[in-house]
2 protein chains.
Amino acid sequence: MNRMANAENTRKRILDSAAAILRHKGLAGAKLSEIAEGAGMLAPSIYHHFGSKDILVEKVMMEGIYNNSHHIVARVERLGPSATPLVRLRTAIISHIEFLLSGDDYSSAVARVFDDLPEEMRRRVLAAYSSFDNYWRDLIVAAQADGSASKSLDATVVRKFLIAMLDSCSSWYRPGKLGPSEIAEQAASLLLDGFASIDSEKT
Amino acid sequence: MNRMANAENTRKRILDSAAAILRHKGLAGAKLSEIAEGAGMLAPSIYHHFGSKDILVEKVMMEGIYNNSHHIVARVERLGPSATPLVRLRTAIISHIEFLLSGDDYSSAVARVFDDLPEEMRRRVLAAYSSFDNYWRDLIVAAQADGSASKSLDATVVRKFLIAMLDSCSSWYRPGKLGPSEIAEQAASLLLDGFASIDSEKT
DNA sequence: GTCTATAATCAGATAGAC
DNA sequence: GTCTATCTGATTATAGAC
């Protein structure tokens with residue numbers, strides 16, 4: 001069991017390193033040698049743990065999707081059955097951004113390199129993503145059915161725009177005056193209430 | 001002048017081919033040999049017109065930014081001085097999407113490969129983009145100052161989210177039930193009015 | 001201006017010692 | 001399980017004929 005634990009540890013170090021480098025440098029920019037360096041070894045040693053760079057990258061993608069979707073679904077479902085569709089959607093938006101900005105390299109790596117994946121891998125990753133995608137779609141459709149969201153907007157278009165917007169923040173966010181929670185709140189407010197909504201009166 | 005016109009024509013063919021391939025395959029996926037093929041020649045011939053792949057890519061980026069920004073600024077300024085800040089912002093949103101979905105390979109290429117550009121080139125491209133970025137910022141700030149948009153949203157955050165959302169559509173849009181104009185309208189409605197806005201009554 | 005070599009480089013992958 | 005050494009293949013880029 002000690003041996004197995006160590007083997008798993010090494011695999012994890014390689015995956016972590018790959019996720020971090022994929023996130024920051026993209027697919028072509030992520031050299032095996034650099035991934036290995038981040039894991040404290042040399043490039044050929046990676047092949048003892050993963051059959052190829054593609055296999056390693058695909059594992060990172062799958063973990064990123066799994067972690068992200070489970071985090072969000074758990075947060076939304078914890079609201080319980082009394083939560084309105086709009087509250088559920090708002091919670092999902094906020095969770096998604098907070099998760100991305102919490103520094104999870106895996107989900108940021110997905111957002112960064114997905115478009116560059118080789119055709120076949122992209123299909124598989126997309127398939128793994130689809131249940132998560134459906135979850136978003138259900139949140140959106142439920143809010144429309146409920147009467148709390150605009151039915152004149154196409155649910156698919158809303159989902160595409162919404163996810164693109166949320167995913168983008170890992171590429172431009174830098175810690176500063178606004179923290180992850182504030183960004184998340186602003187995203188929810190922008191998407192749900194719109195930029196043209198007038199603030200409630202002050203003074 | 002005939003010679004010059006032909007030389008310019010060839011340059012243009014190479015640039016067009018590069019833009020189309022960069023858009024669809026990303027930076028690493030855009031092989032010089034394929035770009036050349038699209039321009040009706042072989043790879044080494046490109047070097048008669050451009051010093052390197054990087055120089056060619058940078059030209060595509062610069063043209064993409066130039067075309068896109070001039071198109072949008074022209075459409076907005078054509079509204080005249082009587083247009084409210086909110087109308088100007090809405091017009092910019094709609095123009096941006098319509099321009100992207102009109103099939104302009106250059107601006108789509110920018111959205112696709114910007115993050116993967118080598119450090120120095122990205123700085124230069126970003127600098128060229130900055131005046132356009134400022135234009136968006138001004139539109140956003142003007143709507144807030146005018147009282148027609150929420151002051152509780154951070155102008156920078158709104159700009160980042162807004163541009164990410166708009167740029168995304170060239171990667172997922174496929175001609176179908178909804179055309180470019182409808183997508184553009186939905187984007188403007190989603191960003192300005194929000195998803196949670198209730199439709200005006202019908203029946 | 002475009003071509004046919006071909007060089008130069010670099011990254012992913014393999015072989016085999018330890 | 002990790003290393004050194006090496007192979008392979010792909011791609012940018014150059015040299016020089018036409």
Side-chain angles (χ1 to χ4, degrees), chain A residues 1-61 109 112-113 116-122, chain B residues 1-22 24-61 109 113 116-122:
Chain A
M1 178 183 149
N2 212 333
R3 262 198 292 264
M4 249 179 66
N6 282 335
E8 275 311 302
N9 254 342
T10 305
R11 259 180 80 90
K12 180 79 159 43
R13 281 203 331 268
I14 296 170
L15 284 165
D16 285 351
S17 173
I21 293 171
L22 284 167
R23 167 190 185 166
H24 294 293
K25 307 207 176 182
L27 184 60
K31 321 292 184 200
L32 232 34
S33 57
E34 198 177 347
I35 293 172
E37 189 189 345
M41 59 179 60
L42 291 170
S45 306
I46 289 180
Y47 287 89
H48 188 75
H49 303 274
F50 298 92
S52 69
K53 177 180 176 179
D54 276 6
I55 290 173
L56 171 58
V57 168
E58 190 164 334
K59 269 264 177 294
V60 171
M61 297 295 104
R112 170 72 192 261
V113 309
D116 295 330
L117 297 177
E119 184 61 20
E120 293 211 347
M121 195 196 303
R122 191 168 65 244
Chain B
M1 178 183 148
N2 213 333
R3 262 198 293 264
M4 248 179 69
N6 281 337
E8 274 312 301
N9 254 342
T10 305
R11 260 181 80 91
K12 180 79 161 41
R13 280 201 335 267
I14 296 170
L15 284 165
D16 284 352
S17 173
I21 294 171
L22 283 167
H24 291 110
K25 307 207 175 182
L27 183 60
K31 321 292 184 202
L32 274 183
S33 56
E34 199 177 347
I35 293 172
E37 189 190 344
M41 59 180 60
L42 292 170
S45 306
I46 289 181
Y47 288 88
H48 188 75
H49 302 275
F50 297 93
S52 70
K53 177 179 176 179
D54 277 5
I55 290 172
L56 170 59
V57 169
E58 190 164 334
K59 270 264 177 296
V60 171
M61 297 296 103
V113 310
D116 294 331
L117 296 177
E119 184 61 21
E120 294 210 347
M121 195 198 303
R122 192 168 63 244

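Letters A, B, ... mirror the listed sequences (proteins, then strands); counts begin at 1. We use all heavy atoms of the structure for the numbers below, so side chains are in, but hydrogens, waters and symmetry mates are not. The shown structure was predicted, so the numbers you read here are calculated from the model rather than taken from an experiment.
Regarding B:Lys31, its NZ atom lies at a distance of 16 Å from the P atom of D:dG9, rounded to whole Å. For the pair B:Ile35 CD1 and D:dA10 P, the interatomic distance rounds to 18 Å; values are reported in whole Å. C:dG12 atom P lies 7 Å from atom OH of A:Tyr47, rounded to whole Å. In this structure, the CD atom of A:Glu34 is 11 Å from the P atom of C:dG12, given to the nearest Å. Between the CD atom of B:Glu37 and the C1' atom of C:dC3 there is a distance of 16 Å, rounded to whole Å. Following rounding to the nearest Å, A:Leu42 (CG) and C:dT14 (P) show an atom-to-atom distance of 17 Å. Distance, A:Leu32 CG to D:dA10 P: 18 Å, rounded to whole Å. Nucleotide D:dC3 holds its C1' atom 12 Å from the NE2 atom of A:His49, rounded to whole Å.
Closest to the B:Lys53 side chain, of the nucleotides C:dC3, D:dA13, C:dA13, is D:dA13.
DNA chain C is contacted by both B:Arg13 and A:Asp54; B:Arg13 maps to the nucleotide lying nearer its 5′ end (nearest heavy atom per residue). Mapping B:Pro44 and A:Ala28 onto DNA chain C by nearest heavy atom places B:Pro44 closer to the 5' end of the strand.
Under the 4.5 Å side-chain criterion, counting only non-hydrogen atoms from C-beta, A:His49 is not in contact with A:Ile55. Side-chain contact between A:Pro118 and A:Val57 is absent, with no heavy-atom pair separated by less than 4.5 Å. By the 4.5 Å heavy-atom criterion applied to side chains, B:Val60 and B:Val113 are not counted as neighbours.
Counting any heavy atom pair closer than 4.0 Å across all strands shown, B:Ala30 reaches sugar-phosphate atoms only and no base atom.
For D:dC3, neither phosphate oxygen OP1 nor OP2 lies less than 4.0 angstrom from any side-chain nitrogen or oxygen of A:His48. Between B:Ser45 and C:dG1 there is no side-chain N or O to OP1 or OP2 distance below 4.0 Å.
Looking only at distances, no side-chain donor or acceptor of B:Lys25 sits under 3.5 Å from a matching main-chain atom of B:Lys31.
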### Message
Run B:Met41 and B:Thr10 through side chain to side chain contact (heavy atoms under 4.5 Å, CB included) and show every step you take.
### Response
CA-CA 10 Å; B:Met41 59 180 60; B:Thr10 305; 3.5 Å; yes

